[in-house]
*Asks:* 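Structure below; questions to follow.
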There are 2 protein chains.
Amino acid sequence: MANTPKKVTIKDIARIAEVSPTTVSLVLNNKKGVGKETRYRILRVASELKYTPNLMARSLAKSHSDIIALTILQARNALFMEIADGAAEAFNENGYSIMMASTYDDPDLETKELASARARGVDGFLITSAQVESPGIWELVEDGVPLVSVLRRVPGLSNLNYIMEDSFKGGYLAAEHLIKLGHKRIGIVKGTPNTTTGIGRFEGAVAAMKDNRVPVDDKLIAPGEFARGAAYLATLAMLHLPDKERPTAIYACNDDMAMGVYEATLDTGLRVPEDMALVGFNNAPYTSLPTVALTTIDVQAHEMGRLGAERLIDIINKKRGHTKPLQVIMEPKLIVRNSCGARKEDEPAS
Amino acid sequence: MANTPKKVTIKDIARIAEVSPTTVSLVLNNKKGVGKETRYRILRVASELKYTPNLMARSLAKSHSDIIALTILQARNALFMEIADGAAEAFNENGYSIMMASTYDDPDLETKELASARARGVDGFLITSAQVESPGIWELVEDGVPLVSVLRRVPGLSNLNYIMEDSFKGGYLAAEHLIKLGHKRIGIVKGTPNTTTGIGRFEGAVAAMKDNRVPVDDKLIAPGEFARGAAYLATLAMLHLPDKERPTAIYACNDDMAMGVYEATLDTGLRVPEDMALVGFNNAPYTSLPTVALTTIDVQAHEMGRLGAERLIDIINKKRGHTKPLQVIMEPKLIVRNSCGARKEDEPAS
DNA sequence: CCGTTTTAGTAAAACGGTTTAGTAGACCGC
DNA sequence: GCGGTCTACTAAACCGTTTTACTAAAACGG
């Protein structure tokens, strides 16, 4: 542990205050059954010795740790950090420490991190990076471990607590927006296929296109893996198609990829929005910058994290996990800025 | 803890395999002194029972936890997350779990979080959000707790391990760049004054101005608290000065504030870079976007985090903390983009 | 074949707390 | 003056591991 100077324990206090360790524990936990006299004496000794309890030992004895596990995709990803920020607020306010684990959207790594956090004795899990195939989450849920999934869902796990975006509707809105602006050839850069967001954001757009009889062309659908670099390359390929097949608009399943599309477009000598309309997804902070002004979808990531954390704490405290699971679907909102050439509507103050 | 199903312990294994708990522990930790026969039997029973060790109990017994505390300013802040990301890489590779704590640049909160993490039994601290007045850090260092400060320094703590940016030089380069472009009236939006980065980035710029006999005007120096909103307001105030006093260039002590300056400039009807040159600090990911193209300073945040974490692990493992402390100063680099109207030099590939 | 070392194994203490099950004495009603 | 309830306090068990100290038997050397 992090304490080179010999750590003062409850026994030291007991010895000096001439009482039993039990009594000291009683006092330190504000329980009754100790006289005023002794109580003060113990408190005084404790403060003189600068006693701080060993939370690890306490956790072992009490069988709960006041630590939660927070899994994210990666710390560098703005969306997940926005969520984590909201969650951290709530956890801090309620005295929880946060154990952070990155999964990098790798199912095996997710399983591993989940197991490790559990062995560490965390009280519950807030999972923002859930995979579609997720044995680790299945096991936790089966064992009744307090768990809330934020942003994503795990298909098939009907009793999962989650707070997520409406990916499908978001995707639908995005594509519909482009269609209404008159675009017939719409390219789509997809996210990772092993996540509900990756799937939903894509399928929603396809649905909008089908509903409006806009052709869905395989050549205009590219994998982007939620990564800017991949989106850049995918876009370059699309833009090198023959004139007639080239897209006049592109929908990227997240903002990072939209930036990749943006770059590729410019590098090809085209302008946004004049030659190419562009829609992203997430409303990442930087997209609201006046010079970027990316049309996008707001899913209230910060608020989602917060709600998820509050709920998790709730479940841990009252163990009312046996009542029906909470399943909130946040309303996605299209934020229209400049990247599509549409009129600028309500730009929220930053 | 997170285990509603009765947890299988080392004693269960011992009972079923008909050996003592000691022997089981020996086997599970790959220590010698156990026959092949029994070793296999124990291993088989353990795997049949799906045994996973209780890491909390192990930590208590072994007096170390394989957990490190990582303090950040706030999860929402791109710079700190960039650092955290690098650190997480190294920690993961070495089997450490991360306990994350946000300080919000509040000294009291920092003290509290540090104490809490310590009570939790973390093996060491990676601190990215160090305050200038930092009793909590002083105490840790005095007690010989493994600790590395990244990005910032704690003045007065000469034996502190740190990996930081050269804030002063960075600020100097930023201001010098503006001066070379011919600017005489340079505004500065400062960061928080209780951090070494906030101080250094400012003082470096002032030094450059003095060295070049450019007037340092109090009216053109505004507090920004490292926050975009504050920078926005501060800039508005500057831009409403009489024509002769108004700045022709502004240096913001981080990129977020630069964005605030950007907005305020545009909202005042001025253009960047034609009417206003702008320099930021951090090389945040979004600043490299073609449409933002903000001239800034790169401090290799990701790499700093990584180095800091590696060093921390090193110290924990070999306890060679008594040798001279590691004190690395990363070379800051000016990344010239478009926001100052200077020629575009080496734009690194994203 | 005897003393010494090695091997395989164990019982008990430790880590630093909490919790359970008491005990001894004061107080109370009747 | 006797049973019953409170109050103040404690000894011992417990949480799930690791570690120390020890033993019995086997192997070894000469």
Side-chain angles (χ1 to χ4, degrees), chain A residues 1-43 45-46 49-67 118-123, chain B residues 1-43 45-46 49-67 118-123:
Chain A
M1 310 282 185
N3 23 272
T4 321
K6 60 282 161 208
K7 189 67 180 160
V8 21
T9 80
I10 229 172
K11 283 173 192 159
D12 299 323
I13 300 180
R15 189 167 25 78
I16 297 182
E18 297 178 305
V19 291
S20 78
T22 308
T23 310
V24 177
S25 175
L26 255 26
V27 169
L28 261 23
N29 290 304
N30 272 321
K31 300 207 170 142
K32 56 189 167 188
V34 182
K36 275 203 168 176
E37 198 75 347
T38 16
R39 181 174 294 268
Y40 287 145
R41 179 155 37 94
I42 290 174
L43 252 20
V45 173
L49 262 43
K50 293 193 204 306
Y51 169 79
T52 54
N54 179 326
L55 264 25
M56 214 126 223
R58 173 179 295 180
S59 297
L60 184 58
K62 299 183 79 152
S63 287
H64 78 262
S65 59
D66 292 343
I67 301 176
R118 191 174 182 190
R120 283 243 138 82
V122 301
D123 285 350
Chain B
M1 310 282 186
N3 26 271
T4 320
K6 62 283 163 204
K7 189 67 179 158
V8 21
T9 81
I10 230 171
K11 282 175 193 159
D12 299 323
I13 300 180
R15 189 165 26 77
I16 297 183
E18 298 179 303
V19 292
S20 77
T22 307
T23 310
V24 177
S25 174
L26 255 25
V27 170
L28 262 22
N29 289 303
N30 272 321
K31 300 205 171 145
K32 56 188 169 190
V34 182
K36 275 202 168 175
E37 198 76 347
T38 17
R39 181 174 293 267
Y40 287 145
R41 179 154 36 93
I42 290 174
L43 251 20
V45 172
L49 263 43
K50 293 193 204 306
Y51 169 79
T52 54
N54 179 325
L55 264 25
M56 214 127 224
R58 172 179 297 179
S59 297
L60 183 58
K62 300 184 76 153
S63 286
H64 78 263
S65 60
D66 292 343
I67 301 177
R118 191 174 183 190
R120 281 244 138 81
V122 301
D123 285 350

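The sequence lines fix the lettering, A, B, ..., with proteins before strands; numbering per chain opens at 1.
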*Asks:* Have a look at B/Thr23 and say if it touches a base, only the backbone sugar-phosphate, or nothing, with a 4.0 Å heavy-atom cut-off.
*Replies:* base

*Asks:* So what does B/Thr22 touch, heavy atoms closer than 4.0 Å: a base, only the sugar-phosphate, or nothing?
*Replies:* base

*Asks:* Rounded to the Å, how far apart are A/Glu37 CD and D/dC9 C1'?
*Replies:* 14 Å

*Asks:* Between C/dG17, D/dT18, C/dT18, which one does the side chain of B/Ser25 approach most closely?
*Replies:* D/dT18

*Asks:* Can you tell me how far apart NZ (B/Lys7) and CG (B/Asp12) are? Round to the nearest 0.5 Å.
*Replies:* 10.5 Å

*Asks:* Are any of A/Thr9's side-chain N or O atoms less than 4.0 Å away from OP1 or OP2 of C/dG16?
*Replies:* no

*Asks:* Any chance you could measure B/Arg58, atom CZ, to A/Met56, atom CE, to the nearest 0.5 Å?
*Replies:* 11.5 Å

*Asks:* Could you check how far NZ of B/Lys32 sits from C1' of C/dT10, rounded to whole Å?
*Replies:* 19 Å

*Asks:* What's the angle between the local helix axes at either end of the helix from C/dC1-D/dG30 to C/dC30-D/dG1, using five pairs per end and rounding to 10 degrees?
*Replies:* 40°

*Asks:* Which nucleotide, D/dC9, C/dG17, D/dT18, lies nearest any side-chain atom of A/Val34?
*Replies:* D/dC9

*Asks:* What's the closest nucleotide to the side chain of A/Lys62 if the choices are C/dT18, D/dA12, C/dG17?
*Replies:* C/dT18

*Asks:* Would you say that A/Tyr51 contacts A/Ile10 through its side chain, given a criterion of any heavy-atom pair below 4.5 Å between the two side chains?
*Replies:* yes

*Asks:* B/Met56 has an atom CE; how far is it from atom C1' of D/dT17, in whole Å?
*Replies:* 13 Å

*Asks:* Just how far, in rounded Å, is P of D/dT17 from CG of B/Asp66?
*Replies:* 15 Å

*Asks:* B/Asn29 side chain: which of D/dT18, C/dT18, D/dT19 is closest?
*Replies:* D/dT18

*Asks:* Specify the residue among B/Leu26 and A/Pro53 whose closest nucleotide of DNA chain C lies further upstream toward the 5′ end.
*Replies:* B/Leu26

*Asks:* Test B/Asn30 against B/Arg39 for side-chain contact (heavy atoms from CB on, under 4.5 Å), laying out the working first.
*Replies:* CA-CA 9 Å; B/Asn30 272 321; B/Arg39 181 174 293 267; 4.1 Å; yes

*Asks:* How would you label the contact of B/Lys11 with the nucleic acid (heavy atoms, under 4.0 Å): base, sugar-phosphate, or nothing?
*Replies:* base

*Asks:* Would you say the side chain of A/Asn54 lies within less than 4.5 Å of the side chain of A/Thr9, judging by non-hydrogen atoms?
*Replies:* no

*Asks:* Using a cut-off of 4.0 Å on non-hydrogen atoms, how would the nucleic acid contact of B/Lys31 be classed: base, sugar-phosphate, or nothing?
*Replies:* sugar-phosphate

*Asks:* Indicate whether any N or O donor in one side chain lies under 3.5 Å from an N or O acceptor in the other, for A/Ser25 and A/Lys31.
*Replies:* no

*Asks:* Which pair of non-hydrogen atoms, one from A/Ser65 and one from A/Gly121, has the smallest distance, and what is that distance?
*Replies:* OG-O, 2.7 Å

*Asks:* Distance check needed: C/dT18 P versus A/Ile13 CD1, whole Å only.
*Replies:* 11 Å

*Asks:* Check every atom of D/dT10, C/dG17, D/dT17 against the side chain of B/Ile10 and return the nucleotide holding the closest atom.
*Replies:* D/dT17

*Asks:* Going from OG1 on B/Thr38 to CG on B/Leu43, what distance comes out if it is rounded to the nearest 0.5 angstrom?
*Replies:* 10.5 Å

*Asks:* Please report the distance, rounded to the nearest Å, between CG in A/Asn54 and P in C/dT18.
*Replies:* 10 Å

*Asks:* Reckon A/Gly33 touches a base, only the sugar-phosphate, or nothing at all at heavy-atom distances under 4.0 Å?
*Replies:* base

*Asks:* What's the CG-P distance between B/Leu28 and D/dT18, to the nearest Å?
*Replies:* 7 Å

*Asks:* From the list C/dG17, D/dT20, C/dC15, which nucleotide is the closest neighbour of the side chain of B/Ala61?
*Replies:* C/dC15

*Asks:* To the nearest Å, give me how far apart CG (A/Leu60) and C1' (C/dT19) are.
*Replies:* 13 Å

